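Structure, as structure tokens:
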Amino acid sequence: MNLTDVELGKTCRVVKLHDTGATRRRIMDMGITKDADIRVDKYAPLGDPMELTVRGYHLSLRKEDACKIEVVPE
Amino acid sequence: MPTTIALAGNPNSGKTTLFNQLTGNHQYVGNWPGVTVERKTGTLKGDKEVRFVDLPGIYSLSPYSNEEVVSRNYLASGEADAIIDIIDASNLERNLYMATQLLEFGVPLVLALNQMDIVKKRGYTIKAKELEKILKVPCIEISALKGEGVEDLVHVAVKAAHDNAIPEPAKFSPELEAFLSRVEEKLPEGTPESLKRYYAVKFFERDEKAAEELGKNVDVDDIILEAESKFDDRSDAIITNERFKYITSFINKVQKRNLSGLTMSEKIDRVVTNRILALPIFVAIITLVYYISISTVGTYATDWANDGVFGDGWFLDPVAIVSTEGTAQAAYDEASEPYDEATTAIDEYLAAADEAGIDTSTIATFIGSEADEDADLESPEYQQALATFESQAEAAGVIASYPVVDEEETAETDYFVYLGAAGEAQAQALADEKTAEIDAEGRSGAAEATIYSFDGEALDEETGEMVPQGVQVPAPGDPSEYGIWIPGIPVLIGGGLEAIGTVEWLYNLVMDGIVAGVGAVLGFVPQIMILFFLLAILEGCGYMARVTFILDRLFRKFGLSGKTFIPMLIGTGCGVPGVMASRTIESESSRHLTVMTTTFMPCSAKLPIIALIATAVFGGVWWVAPCAYFMGIASIIISGIILKKTKPFLGEVTPYVMELPEYRLPRFVDLLRSMWERAWAFIKKAGTIILAATILVWFLSGYGVYEGQFMWVGDELMDYSLLAYFGNAFAWVFAPLGWANWQMASTVITGLIAKENVIGTMAVVFGADPTVAWSHAYMQALAASAGSTALVPVAAFSFMAFNLLCAPCFAAMGAIKREMGGFNKWFWAAIGWECGWAYCIALMIFQFGGLAYGLSFNPGTIAAIAVAAAILYGLFRPYPKAKDDTADTKTAANAA
């Protein structure tokens, strides 16, 4: 499953980052790396982007990038 | 020798606050060489031997943004003697990530654990001593906000710099270390020992900038491929994973987090970014910012600056800020308005009489705006002059007519001045005819006719009777009789120049050129300051990040960022702060795009143009103004879509990976500082480039060749000015747009000083015939240049469109120059795009609109069709493949 499949409020663990172009490196720099825990908090009013909690802070990502992040439920 | 300390840290770590604490007012803000990334340097308060360089707030030292590249280049250059890494202790884990990168530069490093108070408030504990032991670099707890621990921090950093205490890089897993040492062995000889680890990691990550920095490429592909197959990941991911693994291996030893319950910030966000409430709250906040900065306090401040400080003068009256009632200004206005109206009426009448061949030189010394200050209206000389003049004027049947455009109400009133019964009949007939003419074309209500009689009566519209006014109105007297009056700068300078007996040309240069031009620009400063103060609050408290979160989806379709909304909105007030507000946009390509298109919004100075066209040409119909705004918004969106697909904007995929920082209360001093830095940048601009440009246009419009002599021509002989000469020279350019005459071409030039000038210049250049309102002369000129009367509305609309969309005023261009980082290709691209776009739109309006009104098919029509086709192609062609994407696929293929 990928990050957009995770239910709101649930936590998951990153398995792998599939290619997301230039954004991939940025996503990793922000702490979304293998084995990191991510909680999906909410979606923006227009349905995109989404807000996550990772490594103790809040991060927002577009769905098109989030769907390339492979995760497993915690 | 001075010690140089670099300040590095994540955004929102409190870096700016610390930098301000350290340097006080001893700082210098500029740009990094070649790029528009803010570069701040400063010396320590009380010790000039310690110098700080504030690096941009970044999350990592990967080479993906200008901010990261300048930081890396600076740190690798070895110029810094030590680095202070400011760490947001309430977000320790992610902040330490960059610390692991900073450890590799071979420069002494000190960690400053900031925001410890928040950590304590939340019930966390962080053991700085423990962290120090693990990382083997000094860790100092500070509160940048309160200034606690800052002295200690400087002391430790300076000591580390003197001791040259090179830190040990973070230890990765033995497998990775083995690969890295193999890369290290391949580094060319002469690589500085302290930077070997840095380059090994960079080459391992396939960092394209590494070879550039080292000046030599190192082929380590075989090692990387081996590692990638072993780790089953791409090499840069391996490094990033290992950095975070390293941090997680000890994080629980240094930090105890208490994760139960919501933080304050999370509670606020439950409401502020709520799916239903987010948009209404956003609208409310933006409306408030707009209301304060543009329509209420901002307008007051601008009026004060333009009409007061850079005008005649102003009353020192604090009450006026909240209410106009009962103020000295209100009292003065009440006394002066009828007087001003009457004076204008007299002036116009005297001008009309002059035109009719009547000698007005004697009477003009007694009444009208040119009258001598000490003229005695009781004297027999006056009575005699008046009687002579009256009988002459009455006999000649002189009547004057002039329109007054009310900028705020967007209404135009025609005034008629006459003398005696014959004059009255003629004036009445003119007024009636005008209404009738307008009625016949179905545009009633365009011009209100107000009739003045020269001997001091005006028609009361309600009763229909003539009531005394005009010359009988007493002069309002000196403003100082109404309150504390502070004369404006032009008055002071003008008075000073007169007192020392300056020659006329110099007086004109200083007053009309420099003071008027720069004053017009500086008049925006108070409004800009208010706006920047409010924006600083939004940025400082953390709401800006939420704005992007809320609007990202909408704006990215046009290649713009969610934050583009703010410059656009501000741009409807004034383009200058609008353009400057774009600096809150992180992505460089979105920022450039925003700067290029923000001034398409009709700013308040462009309203008189809209008002004039709406009333004079379209008879006050309601749809002209909405059309102008719609045109602005459509121009921004369409330009965004078209430009997004062009090469300069393609390379950079606008990533959206955004931290939503904790909300916090910004410090007042920091708000003021942020406001002042931006306003000052604008003021400096006004003093240099804008000054030069203003003087040039003043010179062109004021001087000319009249009867074979080069001389000052002024308003009266503007037809002979150099401006008219140039206007004539390139008026043909505007022929396909329907308005090829020098007057309108020259308004385009004077509009560059300030858009208000467009109307002002037109009033001057078309106002030669006093029996016809200049707006009618304008329409006649339009009819002549467009080819037929039927085409006037189309030509006028094309003229309006061009003036609204083309390059903005010098002040806004100055702001564009600053945001683009100088007179570089971006600046010229912005100006070129704006002018080109304006030309294309105006061309299409006139050509396509003209076809409906009987314009024949001409080469311009073909051009318009070509332009329309090009715009449609630009809009709908698929996105070309980005260069970066292919590069990425290549590396991905390698990795596979």
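Remember, predicted model here, so these are calculated numbers, not experimental data. Each chain gets a letter, A, B and so on, in the order the sequences are listed, and its residues count up from 1. Scope of the values below: all heavy atoms of this structure, side chains included, with no hydrogens, waters or symmetry mates.
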Discussion item. As an exercise: rank A:Ala44, A:Ser60, A:Pro45 by heavy-atom pairs under 4.5 Å with chain B and give me the winner.
Written reply: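 The residue among A:Ala44, A:Ser60, A:Pro45 with the greatest pair count is A:Ser60.
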In terms of side-chain geometry, is the basic nitrogen of [X] or [Y] positioned less than 4.0 Å from the acidic oxygen of its partner?
{"X": "A:Arg24", "Y": "B:Asp236", "answer": "yes"}
{"X": "B:Asp232", "Y": "A:Lys16", "answer": "yes"}
{"X": "B:Glu242", "Y": "A:Lys34", "answer": "no"}

Check whether [X] gets within reach of chain A through its side chain, its backbone, both or neither, counting any heavy atom under 4.5 Å.
{"X": "B:Asp269", "result": "both"}
{"X": "B:Glu93", "result": "side chain"}
{"X": "B:Tyr97", "result": "side chain"}
{"X": "B:Thr263", "result": "neither"}
{"X": "B:Leu92", "result": "neither"}

Working to the nearest 0.5 angstrom, can you tell me the gap between [X] [atom1] and [Y] [atom2]?
{"X": "B:Leu660", "Y": "A:Tyr57", "atom1": "CG", "atom2": "OH", "answer": "9.5 Å"}
{"X": "B:Phe549", "Y": "A:Glu51", "atom1": "CZ", "atom2": "CD", "answer": "5.0 Å"}
{"X": "B:Thr248", "Y": "A:Asp35", "atom1": "OG1", "atom2": "CG", "answer": "8.5 Å"}

Of the listed residues ([options]), which shares the most heavy-atom pairs with chain A below a 4.5 Å separation?
{"options": "B:Ala545, B:Ala237, B:Ser90", "value": "B:Ala237"}
{"options": "B:Pro661, B:Ser62, B:Ala278, B:Ser265", "value": "B:Ser62"}
{"options": "B:Glu68, B:Arg546, B:Arg275", "value": "B:Arg275"}

- Return the minimal non-hydrogen interatomic distance between A:Lys42 and B:Arg270, and the atom names on each side.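 That closest heavy-atom pairing would be NZ-N, 4.5 Å.
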All heavy atoms of A:Asp48 vs all of B:Arg553, minimum pair found to be O-CB, 3.6 Å
**Item:** Residue pair B:Val657, A:Thr23: steps toward the side chain to side chain contact (heavy atoms under 4.5 Å, CB included) verdict
**Value:** CA-CA 8 Å; B:Val657 183; A:Thr23 322; 3.4 Å; yes
Practice prompt. Verify the neighbour count for atom CE of B:Met264: are there more than 12 heavy atoms of other residues, nucleotides or ligands below 6.0 Å?
Written response: no
Please classify the contact between A:Lys63 and chain B as side chain, backbone, both or neither, with a heavy-atom cut-off of under 4.5 Å.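 Neither the backbone nor the side chain of A:Lys63 comes within 4.5 Å of chain B.
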With a 4.5 Å limit on heavy-atom distance, are the side chains of A:Leu46 and B:Leu279 in contact?
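The answer is yes; the side chains approach within 4.5 Å.
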Assess the residue pair B:Glu205 and A:Arg25 against the criterion (salt bridge (Lys or Arg N to Asp or Glu O under 4.0 Å)); give the C-alpha distance rounded to whole Å, side-chain angles, the decisive distance to 0.1 Å, and a yes or no.
CA-CA 11 Å; B:Glu205 285 183 318; A:Arg25 177 62 194 250; 3.2 Å; yes
Would B:Thr240 and A:Asp29 count as having a side-chain donor-acceptor pair, cut-off 3.5 Å? no
Indicate whether the side chain of B:Glu662 and that of A:His58 have a donor and an acceptor atom separated by less than 3.5 Å. no
Would you verify whether the NZ or CZ of A:Arg55 falls within 45 degrees of the ring axis of B:Phe244 while also being under 6.0 Å from that six-membered ring's centre?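 So A:Arg55 does make the cation-pi contact.
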